[in-house]
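Below you'll find the structure, written out as C-alpha cells, and then a few comments.
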Amino acid sequence: ARLTPYRFDQPPHVVANGTLFPKTPGSADLTFEIEGGPFHFWKLSTPRIRSQLRWQGNHLLLTNLQAEFYRGTLEGHVAFDLTQPDDGRYRFLAVARDASLGDMLHEVTPAREKVAEGTFDLDLEVTSAQVSDLKSWNGSGRASLRDGMLWDAPIFGFLSPALNAIVPGLGNNRAKRADTTFTLTNSVIHTRDLTIACPPAKLFYRGTIDFDQNVDAKVEAQVLSDVLGVGPLFGLLLRPLTKLMEFRVTGTLADVKAEPLYIPKLLLLPLQPVRMFFNLFNLGGGESKSNRLEGFDSSPAVTNAPPLPP
C-alpha cells in the first residue's frame, strides 16, 4: 500500500547486479539501474525518469535521479534508513529548473480552469522525514519564479482590485520575478522574505503555509518604490497608502481570508488624490469596470488582528 503513490504506466527498464541472501537479514548488496515512464508520484508526474538504486544492508539510496519535469528538469537523490522497516526514515534533495508552474498546477488541481503561471526554479532539501507521516518533513530551500501571472491564485488575487484602484491595470500585471527562501518544520513552510516584483509595485509576504494548505501570513504592497530616480520620493509620499495595503491573510489557499491591518480614516484620504493623479496623466493604461475596486471593503475600521509569530 505504501508503494501505491509511486507507479509507472508501463514497466520500466531495469538492470540489476549484486548479491542477496534471503535468510540473512541485512545481507543485501544490490544495484539497480532504472529508466522508464510515464511515472507518477502523488498528483505529480513525469514522462521520463531514470535513476540508480543502491540497496546495501539497511540503507537504500536513490541517486543520480534525472527526470523531465513540466517542460523543465528535475534532479536529486533520496536516502532511506531501513533499520525500522515498519516506519523508516528518509532524507532527500530535489532541484527543479525551468519548470512550468501553470502545467504543474493544472495537473495538481484539475478542477480549476485558471491557475497561476510562470517559470520556476526550486531547491528543496529535506533533512529528516518519516515514511509513515507526510507531515514530518524538516528542512529548507529556496524558490524563484520568472514572468509569473499570479492573480488567479487567491492568495495573491485578493490584492488585484485594490492595486487596480490605484493604477488601472496594475493588479493584472505579470510579475517580473519572485524570490523566497524558506524552512520546513514538521511540514509547515516558513518564509520571511517572499518578494514579488510586478512593476511598478512590489509585494512582500512573510508567514506560514502547511501541507493542508492552511495559510497565516502578513502581506504588504508597495507602489512606485523602484521608479528610477524618484522611487524613494514616491515611497515617502505614498507611505500612508502602503499602510493601507497591509493585510493579515488566513484561511486556505482555495479560500483566502484577507483582513486589512490598518485602515483609519486619515489613511483613506490619500487614496483618491493618488488615483486622480494617475487618471489625469493616463498612467497604467485604460481601466475597465472589472478592474475597479469592487467588493473591497474600505470602511474606516481599525482592526485588531493578533500579531504574527516571530
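We count residues from 1, following the sequence as given. We use all heavy atoms of the structure for the numbers below, so side chains are in, but hydrogens, waters and symmetry mates are not.
The environment of R50 atom CZ is sparse: at most 12 non-hydrogen atoms of other residues, nucleotides or ligands sit within 6.0 angstrom.
The stretch residues 91-132 participates, sequence neighbours left out, in these ring pair (Phe, Tyr, Trp, His ring centres under 6.0 Å) pairs: F92-W137.
Under a 3.5 Å cut-off, the side chain of D123 and the backbone N or O of A143 do not form any donor-acceptor pair. Judged by distance alone, with hydrogens and angles left aside, the side-chain atoms of S160 form no donor-acceptor pair with the main-chain N or O of G157 at under 3.5 Å. Of the possible donor and acceptor atoms, one in the side chain of T46 sits under 3.5 Å from a partner among the backbone N and O of R48. Using a distance-only test at 3.5 Å, with no hydrogens or angles considered, a donor-acceptor pair links the side chain of D81 to the main chain of T83.
Counting only heavy atoms from C-beta outward, the side chains of F80 and R91 never approach each other to under 4.5 Å. In this structure the side chain of E107 reaches within 4.5 angstrom of the side chain of S45, judged on heavy atoms. Residues L159 and F247 meet the side-chain proximity criterion, which asks for heavy atoms closer than 4.5 Å. Residues D98 and D121 meet the side-chain proximity criterion, which asks for heavy atoms closer than 4.5 Å.
A side-chain N or O of R89 and one of S128 form a donor-acceptor pair less than 3.5 Å apart. Using a 3.5 Å distance cut-off with no hydrogens or angles, the side chains of T195 and D193 do not pair a donor with an acceptor.
Note that OH of Y90 is 15.5 Å distant from CG of L61, once rounded to the nearest 0.5 Å. To the nearest 0.5 Å, the span separating OG on S132 from CG on D87 amounts to 3.0 Å. How far CG of D216 is from CZ of R248: 4.0 Å, rounded to the nearest 0.5 Å.
Listed by chain and residue number, L145, I196 satisfy the side-chain contact (heavy atoms from CB on, under 4.5 Å) test with A178 (two or more places apart in sequence, or in another chain). In terms of the side-chain contact (heavy atoms from CB on, under 4.5 Å) criterion, residue partners of V108 (sequence neighbours excluded) are, by chain and number, W42, K43, L44, M104.
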